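Here the structure is laid out as structure tokens; the discussion comes afterwards.
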Protein chains: 2
Amino acid sequence: MYFCKPRLSAIGNRLFFKLSTVDNQLISFTEENYLKIIYLLTERHNGNEVSTNKLAEHTQTKAASVSDMLRKLAEKNYINYRKYQGVTLTEAGEQIALGVIRKHRLWEVFLVEKLGFGWDEIHDIAEQLEHIDSKELTKRLDDFLGNPQFDPHGDPIPDAKGKMPSVSYQKLSEITLNQSVVMMGVSVHSPSFLQHLDKQQITLGCDLKVLEISDFDKSYGLLLNNKIRLFVSNEVARNLLVC
Amino acid sequence: MYFCKPRLSAIGNRLFFKLSTVDNQLISFTEENYLKIIYLLTERHNGNEVSTNKLAEHTQTKAASVSDMLRKLAEKNYINYRKYQGVTLTEAGEQIALGVIRKHRLWEVFLVEKLGFGWDEIHDIAEQLEHIDSKELTKRLDDFLGNPQFDPHGDPIPDAKGKMPSVSYQKLSEITLNQSVVMMGVSVHSPSFLQHLDKQQITLGCDLKVLEISDFDKSYGLLLNNKIRLFVSNEVARNLLVC
DNA sequence: ACAAAATTTTAGACTAATCTAAAAATATAT
DNA sequence: ATATATTTTTAGATTAGTCTAAAATTTTGT
């Protein structure tokens with residue numbers, strides 16, 4: 001039999017819950033999560049600082065816990081942190097975040113393409129798989145999947161060096177009357193939203209022509225794949241990414 | 001964006017590092033590991049109690065830590081524990097252990113069959129993947145792999161209900177002169193042992209005929225696949241499983 | 001510009017899982 | 001059979017990550 005200490009590891013007296021190594025720095029599972037969330041929220045806020053409260057909301061912890069963690073991440077030089085002013089990632093922090101996001105999105109491709117999961121079922125599983133620590137595994141998985149550039153939600157997959165494929169999506173809600181666009185992604189990944197799209201047969205890659213924009217509620221009348229008439233609320237239109 | 005609390009979860013004030021749920025009981029990552037190791041050591045010791053020191057050795061912790069954990073696992077009724085007398089698994093504990101072992105071995109098949117890893121490279125990665133908590137994922141992975149009964153080391157894979165395929169392997173060291181056998185598994189998974197076998201082209205499923213057993217050191221002279229003469233030490237012969 | 005509201009940080013406490021050192025129980029050897 | 005050695009457990013401490021409550025800072029509204 002051959003065992004090894006798998007994901008808990010004691011360094012000196014210190015217990016780390018799942019480690020990965022970047023430049024010989026130990027990164028805990030929890031730290032990876034914070035960095036990933038900071039990356040995604042910064043991206044969503046066009047590069048602006050992310051606030052403690054926003055982080056508390058998305059890590060599902062309390063602001064006090066976030067403050068503690070921010071102090072720690074700042075000490076390790078993963079984030080730029082001025083008290084009360086929110087945070088952004090340093091270069092080092094961004095590389096770690098991109099590594100986690102890369103794994104998350106590759107696993108999502110695996111779950112959909114190889115195991116036949118729906119795009120509404122994969123998030124929570126990928127949330128676990130994204131922390132598996134093996135460079136070689138990530139590389140081989142990437143090759144096995146055919147080096148995909150985008151995940152099943154249309155999100156770009158960073159390459160091994162952390163470089164993101166460039167994307168220039170617009171929201172469907174920004175598209176004007178009679179324009180034809182291709183559905184490229186979603187900006188919300190909640191199962192209920194994705195299932196709503198499934199019901200209307202709106203899938204990645206489908207054609208959408210804007211036939212009508214309601215004056216009343218800004219809902220959209222669409223022609224799907226030059227065949228089917230359908231209507232989506234403005235809420236849906238704001239979360240559909242097209243080009 | 002859609003986040004969820006992935007693998008750390010607070011119940012009341014309690015922090016769990018990675019949870020899985022069996023009968024609504026929360027099982028931490030660490031508990032899963034202890035149960036798995038108790039299962040494997042009990043199996044190896046023909047159903048006899050496992051000692052605290054043996055567990056400390058295999059969990060890579062100290063005996064004092066093991067004692068603490070045993071108390072906890074006994075409280076939750078995962079193990080039968082009489083102080084100073086070692087432990088065995090209860091039915092509940094065994095089911096959890098078998099679930100972890102099932103995932104470990106399925107992932108090993110995936111790593112070798114789909115990603116092209118060598119059998120000497122997969123243990124540490126599977127050690128992480130075995131804790132991914134999703135019934136549906138395990139089921140789909142199992143189907144994707146063609147419902148394998150054995151992993152790349154020849155170890156049996158328990159089914160979804162925890163039932164192990166029955167195996168009746170013998171050690172090569174128990175085989176008598178001139179017998180022909182098929183290589184079915186290994187009882188040690190260390191990379192160095194597996195690489196040693198690779199060098200000699202000893203693989204799962206190969207034919208081995210015992211041509212010679214040295215009086216001096218009990219090493220074995222073998223005929224591999226009716227073609228190649230080779231010699232293995234008694235140490236190797238004891239860890240090759242055949243039938 | 002200042003008071004009130006909101007946000008963020010600090011202080012102090014808790015849990016899981018570990019540790020070391022010491023005490024208790026069991027096993028071994030003469 | 002008893003002293004010694006080994007193994008196991010207990011006691012007390014530590015760390016990461018969380019919590020609540022209170023204090024500090026920033027933002028907002030008049």
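What you see is a predicted model, and the numbers here were worked out from it, not measured in a lab. These values consider heavy atoms only, across backbone and side chains, with no hydrogens, waters or symmetry-generated copies. In the text below, chain A, chain B and the rest are named by the order of the sequence lines, each starting its count at 1.
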Between [atom2] of [N] and [atom1] of [X], the distance in whole Å:
| X | N | atom1 | atom2 | answer |
| --- | --- | --- | --- | --- |
| A:L70 | D:dT18 | CG | P | 11 Å |
| B:D68 | D:dA13 | CG | C1' | 12 Å |
| B:E49 | D:dT7 | CD | P | 17 Å |
| B:E57 | D:dT8 | CD | C1' | 15 Å |
| B:R71 | D:dA11 | CZ | C1' | 12 Å |
| B:M69 | C:dC19 | CE | C1' | 14 Å |
| B:R82 | C:dA25 | CZ | C1' | 14 Å |
| B:L73 | D:dT8 | CG | P | 16 Å |

(message) With a 4.0 Å cutoff (strictly under), does any side-chain N or O of A:K62 reach OP1 or OP2 of D:dT18?
(response)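 Looking at the OP1 and OP2 atoms of D:dT18, neither is under 4.0 Å from any side-chain N or O of A:K62.
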(request) Please state whether the phosphate of C:dT18, meaning OP1 or OP2, lies under 4.0 angstrom from any side-chain nitrogen or oxygen of B:Y34. (result)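 For C:dT18, OP1 or OP2 has a side-chain N or O of B:Y34 closer than 4.0 Å.
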(message) Across nucleotides 1-8 of chain C, 5' to 3', mark each nucleotide with B, S or - according to how protein heavy atoms within less than 4.0 Å reach it.
(response) ------SB
Donor-acceptor pair, [X] side chain versus [Y] backbone, under 3.5 Å?
| X | Y | result |
| --- | --- | --- |
| B:E108 | B:A126 | no |
| B:Q128 | A:D133 | yes |
| B:T90 | B:N77 | yes |

(message) Holding to side chain to side chain contact (heavy atoms under 4.5 Å, CB included), I want the full list of residues that pass it with A:D68, two or more places apart in sequence or in another chain.
(response)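 For A:D68, the residues satisfying side chain to side chain contact (heavy atoms under 4.5 Å, CB included) (neighbours in sequence not counted) are A:R71.
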(message) Can you give me the closest heavy-atom contact between A:F144 and B:K114, atom names plus distance?
(response)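 Between these two residues, the closest heavy atoms are CD1-O, 3.4 Å.
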Show me the donor-acceptor pairs within less than 3.5 Å that the side chains of residues 160-173 of chain B make with the rest of the protein, sequence neighbours left out.
| residue | atom | partner | partner atom | Å |
| --- | --- | --- | --- | --- |
| B:Y169 | OH | B:G154 | O | 3.0 |

